[in-house]
Structure formats: C-alpha cells, structure tokens
Amino acid sequence: MEYRQRFAGPRGRDGALGYPVRVADWLRMAPEELDALDPLLAARADFMVDESVVYMDGNSLGRLPKSTVRRTAAEVEEMWGRRLVRGWNEGWYELPVEVGDQIGELIGATPGETLCCDSTTVNLYKIVSALGALAKGGPIVAEGRAFPSDLYALQSCASACGRQIQYIEPGPHGWTETGAVVDAIQDGAAIVVLSHVDFRTGRLLPMNELTAAAHCAGCLIIWDLSHSVGAVPSRVSEWGVDAAVGCTYKYLNGGPGSPAFLYVNARHLEKVQCPLFGWLGSRDPFAFEPTYEPASGVRKFLVGTPPIISMTAVEEGVRLVARYGLSSIREKSERLGDLFIHLARRELVPRGMSLRSPEQSADRGSHVSLAHPDAYRICRALIEEESVIPDFRTPDMIRYGLSPLYTSYCEVQRAVEATARVIDSRVFEKFERDFAAVT
C-alpha cells in the first residue's frame, strides 16, 4: 500500500501527492533522499529561511513568506502612502470577507460562511454567545485541558448566559478520548466546543464523527481549528459543522498577532445575532444610524475596523497554502511526524524522553510532543546552544512543530540529534528553571 493511499481527505487545488515510495520502505531512506523526493521542496524557497537555524516552532508562529514582505510594503507605500483613505473603496472594505472566503476554501466552507476578523478568543465568545440562542437547555461541554484562552472565553459566556460548563478530562494518554466526548454529548450537552488538534499533544479528533454524534444528540458543535488549519484538511460545510474559529499565525503564516477567523454554517447565519453590535457589522455603516441593524450573512460578525496591513499578510500566507494544496501538505505532515517519532524512539527515548503524541499519523496533527523532567531547560539549551527552536509547554513537554511547506526531513534529523547532544552533554543544567515570559 503506497503512502498516498493512506490519506482519504480532500485534494488541494493541485491534487498532487507525489511520493512513489511504499510505507514499508521510506523510513529506511536517508533524510537527504526524502528531501530530494519531496514534492513540496520548492515551497521552502518561498519563505525567509536562515539555514543556520532549525525552526521547529511553526505550530506557534509560522515563518515569513517572501511574498508577504513585498505585499505589505506595497500596501504601506502605495495604498496607505499614496491612496490614503481612498483605499477603503479600493479593496480594503471587502478584505475581511474576501480573505475569509479564501480561508474558507482551506477548511471546506462554502463562500459567505467565513470571516477574517478579531482574535480567536473574541471570535469564540461571539460564536458561542450567538449559537447559545439556538441551543437547547443544558451545559456547554468543553475539554478540561483545552487552550486556556478558549476556556476563559467559555467561562465568560457561561457566566453571561447562565449555563454551566461540563469539562471532559483527558484520558490516560494525556489527551481527550473520542469515547469520552461521545459520552459527554449524550449526557445532555447543549453546545460542544472542541479543539481539532490538541495544542499540547497534537492529538487529532475525528471532526466528522463527533459532529455527527453531536447532531444525533440534538446539540450544536463548535471547533477550534487553530492547530489544524493549513496543515490538516477538513470539510466543515459538508460535515455540517455548526461553527468554527481559528488563528492565522501558525500554519497559515499570517504573522505575529495576525487576525483570526470565524465560520458559521449557512443554515444558521440568518438566525443568529452577534452579541457585540459593531459599526462595520451593521446593515449600512455609512448611514450612521443611531440604532443597530445587523448586516446580512457572516458580515454581521464584524465589530471594529479591521487591521488591513495584517490582513494582507494573512492573505499572502493563505495563498501559499492554497497554491501547494492541502493534500500534499497533509501527506508531508504525516511523513515528517512519522520520521520524527521513528528517530525519537531510537535516539531520545533511551535518553529519558517519552512520547506524548499519538503514534499513528491519522490521529495526529502537525506537531510532536516529547516529555522530560527537565524539558524547559532542555528547550532553552536547544535554542541558545544548538540554534534549534522548538517550544515548551508546562509541565514537562517540548513541542516540535513540523510545518510541511518549509520543514525539511534533514531538519527533523538535525533536531533529534541536537536534542540527544543537549541531554548527553548536560549543557541544559546551566539554564535556570525559572520560565521566561514566553515559552
């Protein structure tokens, strides 16, 4: 069985997969050979890359696309510098919807269901509050170890609407088990909020299966796609997902703090109302009416003036992902992860590290987590002594992000070898145990 046959997700625009090597054979190949066979090899040249640095943190902040440098410079110099306020009638005003639709293509949404705006946390609050009016009575169900900002937003929503939150605690492997989600759904949930990919362990939940289970139980389901969009395909419209949110600065390479996105299924759009009435989400912003009337469709979820320069950067990142196709990206993501785990089992597990991510690629997003009692100091040593940049997550995990558009197989090998050197040399012991502000 060829590797390409293992992935049954939607093809990207190019439809290409490309590796003419059987699964049983490719792990025995040298990373240099795998790089030579990589159909995404050319994509690395589209990014600003310092070859002296092994970057394993694209799941936190993606690399800078070269086209973004040109695009944002043009936007600043030509549009802002020369066109000035006329820019709003020359493309800026429609940008949140247009970029939203481009992101929508990557998550399998139909046009008019996705909007680029605000932050993931703000969007989650808006979506949960809006759908709460359609949901039956009962609690909001969420993962107990979800990204904290998601939990804070849900706690704020629950406080405002008088609902309780029921938490699904992680199973023995440290991630949310599918069976536990189904049990919680069937226990009277009104709204279920799940992360497609767990930010700590990389566990990938089956979106189609759990969305169907939620609907069979009569509840609504919302997905956080922050750690999957741009790396793992989804079909939110086809699968009937009620709503979704996500960020754009990881695998979409939109830049630090770039605006997020939200998706609302078309069947809900005319029934729901954004809880925060904003000027640009009104029916006719330039009528300057004192009483709010919502815009039609997804545009009603706009609140304040969009950050245009940042949004043009998002558009460039999204275009790169679309150019190379999510099916090719997902296939390489799986292969990078499989290679990393293969090498880690051989080189790092004997040195005291343990795997905290699913072994099977079908159950895993695009990062791999390893645990060690001195994980934080090892991570600092990797960055400062080896120019290998992963990141740390409490209490004891190092995450190695594998971004298919620019991560090479040789870099995977270099990251594993560097980690082994740091442990063997004990160089990590010179670093303090106190955490830096950003880890």
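Only heavy atoms go into these numbers, but all of them, side chains included; no hydrogens, no water, no symmetry mates. Because the structure is predicted, anything quoted here is derived from the model rather than measured.
- Between D57 atom CG and H367 atom NE2 the span is 10.5 Å, to the nearest 0.5 Å.
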Run the side chain to side chain contact (heavy atoms under 4.5 Å, CB included) test on E411 and R44 for me, step by step, so that the C-alpha distance in whole Å, both residues' side-chain angles and the decisive distance to 0.1 Å come before the verdict.
CA-CA 12 Å; E411 284 182 304; R44 186 174 169 91; 2.9 Å; yes
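- Atom OG of S67 and atom CG of L320 lie 5.0 Å apart (nearest 0.5 Å).
- Partners of E75 under the side chain to side chain donor-acceptor pair (under 3.5 Å) rule, at least two apart in sequence or in another chain, are R71, W92.
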Review item, side-chain donor-acceptor pairs of residues 109-116, under 3.5 Å, at least two apart:
| from | atom 1 | to | atom 2 | distance (Å) |
| --- | --- | --- | --- | --- |
| T110 | OG1 | E113 | OE1 | 2.8 |
| T110 | OG1 | E113 | OE2 | 3.3 |
| E113 | OE1 | T110 | N | 2.8 |
| E113 | OE1 | S237 | OG | 2.5 |
| E113 | OE2 | A266 | N | 2.8 |

Contacts table for residues 145-159: side-chain donor-acceptor under 3.5 angstrom, sequence neighbours left out:
| from | atom 1 | to | atom 2 | distance (Å) |
| --- | --- | --- | --- | --- |
| S149 | OG | T121 | OG1 | 2.4 |
| Q155 | NE2 | Y167 | OH | 3.3 |

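- Remark: E33 pairs with no residue by the side chain to side chain donor-acceptor pair (under 3.5 Å) rule, at least two apart or across chains.
- Within the structure, no pair that satisfies the salt bridge (Lys or Arg N to Asp or Glu O under 4.0 Å) test touches residues 166-192, not counting sequence neighbours.
- Residues meeting the side chain to side chain contact (heavy atoms under 4.5 Å, CB included) test with A420, sequence neighbours left out: L348, R351.
- Considering D38, D35, D338 as possible partners of K332, the one that fulfils the salt bridge (charged side-chain N to carboxylate O under 4.0 Å, His left out) test is D38.
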Evaluate I191 against I222 for side chain to side chain contact (heavy atoms under 4.5 Å, CB included), listing each step before the verdict.
CA-CA 8 Å; I191 300 173; I222 300 167; 3.9 Å; yes
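- For the residue pair W223/T211, the side-chain donor-acceptor check at 3.5 Å is satisfied.
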Show every donor-acceptor pair shorter than 3.5 Å between a side-chain atom in residues 269-282 and any protein atom, with sequence neighbours excluded, or say none if there are none.
| from | atom 1 | to | atom 2 | distance (Å) |
| --- | --- | --- | --- | --- |
| E270 | OE2 | G297 | N | 3.1 |
| W279 | NE1 | P285 | O | 2.8 |
| S282 | OG | W279 | O | 2.7 |

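- Y400 and T419 share a donor-acceptor pair across their side chains, judged by distance under 3.5 Å alone.
- In terms of the side chain to side chain donor-acceptor pair (under 3.5 Å) criterion, S387 has no residue partners (sequence neighbours excluded).
- In this structure, F435 has its ring center under 6.0 Å from that of F392.
- Among all heavy-atom pairs drawn from P306 and M311, the shortest one is CB-CE, 3.7 Å.
- Using a cut-off of 4.0 Å between Lys/Arg side-chain N and Asp/Glu carboxylate O, D46 and K66 are scored as not salt-bridged.
- Every residue meeting the side chain to side chain contact (heavy atoms under 4.5 Å, CB included) condition with K136, not counting sequence neighbours, appears here in chain and number order: A190, C219.
- Minimum heavy-atom separation, L336 to P404: CD1-CA, 4.0 Å.
- Put simply, the side chain of P390 reaches to within 4.5 Å of the side chain of I383, judged on heavy atoms.
- For the residue pair G365 and V232, the shortest heavy atom distance occurs at CA-CG2, 4.3 Å.
- For S228, the side chain to side chain donor-acceptor pair (under 3.5 Å) test picks out H196, with sequence neighbours left out.
- In this view, R299 and E94 satisfy the salt bridge (charged side-chain N to carboxylate O under 4.0 Å, His left out) rule, not counting sequence neighbours.
- Atom CG of L204 and atom OG of S357 lie 11.5 Å apart (nearest 0.5 Å).
- Rounding to the nearest 0.5 Å gives a distance of 12.0 Å between CD of E334 and CG of L402.
- The distance from atom CD of E143 to atom CG of D224, rounded to the nearest 0.5 Å, is 9.0 Å.
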When the side chains of residues 240-253 are checked against the rest of the protein, which donor-acceptor pairs come out under 3.5 Å, sequence neighbours left out?
| from | atom 1 | to | atom 2 | distance (Å) |
| --- | --- | --- | --- | --- |
| D242 | OD1 | R267 | NH2 | 2.7 |
| D242 | OD1 | H268 | NE2 | 2.7 |
| D242 | OD2 | H215 | NE2 | 2.8 |
| D242 | OD2 | I221 | N | 2.8 |
| T248 | OG1 | S258 | OG | 2.6 |
| T248 | OG1 | P259 | O | 2.7 |
| K250 | NZ | N59 | O | 3.4 |
| Y251 | OH | S366 | O | 3.2 |
| N253 | OD1 | R63 | N | 3.4 |
| N253 | ND2 | Y251 | O | 3.2 |

